[in-house]
Amino acid sequence: MRLKALREKRGISQLKLAMDLGLNQNSISRYESGARDYKTLIALADYFDVSIDYLLERTDKPKMNR
């Protein structure tokens, strides 16, 4: 996951990011370390040939423009 690189590029700490998002620092740490398992979400998107954003209702377009 690219979260750590994005956070570091902006020069913000895990704590600041967590506070900005209303989360705790431990949650950010788990996302950055890969402790959160996205394999099922990826498998579902692949199975139905749709984007993860579509599954999460972030877009109404089933596939991202490639």
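It should be emphasised that the depicted structure is a prediction, and the values quoted were computed from it without experimental measurement. Just so you know, these numbers use all the heavy atoms, side chains as well, and skip hydrogens, waters and symmetry mates. For this chain, numbers begin at 1 and follow the sequence in order.
- Put simply, Leu23 and Ile12 are part of the same group of oily side chains (I, L, V, M, F, W, Y) that touch within less than 4.5 Å, one to the next.
- Summarising the geometry, atom CD belonging to Glu32 is positioned 4.5 Å from atom CG belonging to Leu3; distances are rounded to the nearest 0.5 Å.
- In this structure, CD1 on Ile52 lies 4.5 Å from CG on Leu41, to the nearest 0.5 angstrom.
- Taking CE of Met19 as the reference point, atom CG of Leu21 lies at 11.0 Å (rounded to 0.5 Å).
- Residues satisfying the side chain to side chain donor-acceptor pair (under 3.5 Å) test with Lys16, not counting sequence neighbours, are Asp20.
- Here the straight-line distance linking atom CD of Gln25 with atom OG of Ser13 works out to 7.0 Å at 0.5 Å rounding.
- Atoms CG and CG, on Leu17 and Leu6 in that order, are 10.0 Å from each other to the nearest 0.5 Å.
- Listed by chain and residue number, Ser27 satisfy the side chain to side chain donor-acceptor pair (under 3.5 Å) test with Asn24 (two or more places apart in sequence, or in another chain).
- Tyr38 and Ile28 fall within a single hydrophobic cluster, where Ile, Leu, Val, Met, Phe, Trp and Tyr are joined by side-chain heavy atoms under 4.5 Å apart, directly or via other members.
- Within 6.0 Å of CG in Asp46 there are more than 12 heavy atoms belonging to other residues, nucleotides or ligands.
- A donor-acceptor pair under 3.5 Å links the side-chain atoms of Ser33 to the main chain of Ser29, judged by distance alone.
- Here CD of Gln14 is found 9.0 Å from CD of Glu8. Values are rounded to the nearest 0.5 Å.
- Note on Tyr54 and Phe48: same hydrophobic cluster, where clusters join Ile, Leu, Val, Met, Phe, Trp and Tyr whose side-chain heavy atoms are under 4.5 Å apart, directly or indirectly.
- Taking hydrophobic clusters as Ile, Leu, Val, Met, Phe, Trp and Tyr residues chained together by side-chain heavy-atom distances below 4.5 Å, Leu55 shares a cluster with Ile42.
- When side chains are defined from C-beta on, Asp49 counts as touching Lys63, because their heavy atoms get closer than 4.5 Å.
- Across all non-hydrogen atoms, the minimal contact from Ala45 to Ser51 is CB-C, 4.2 Å.
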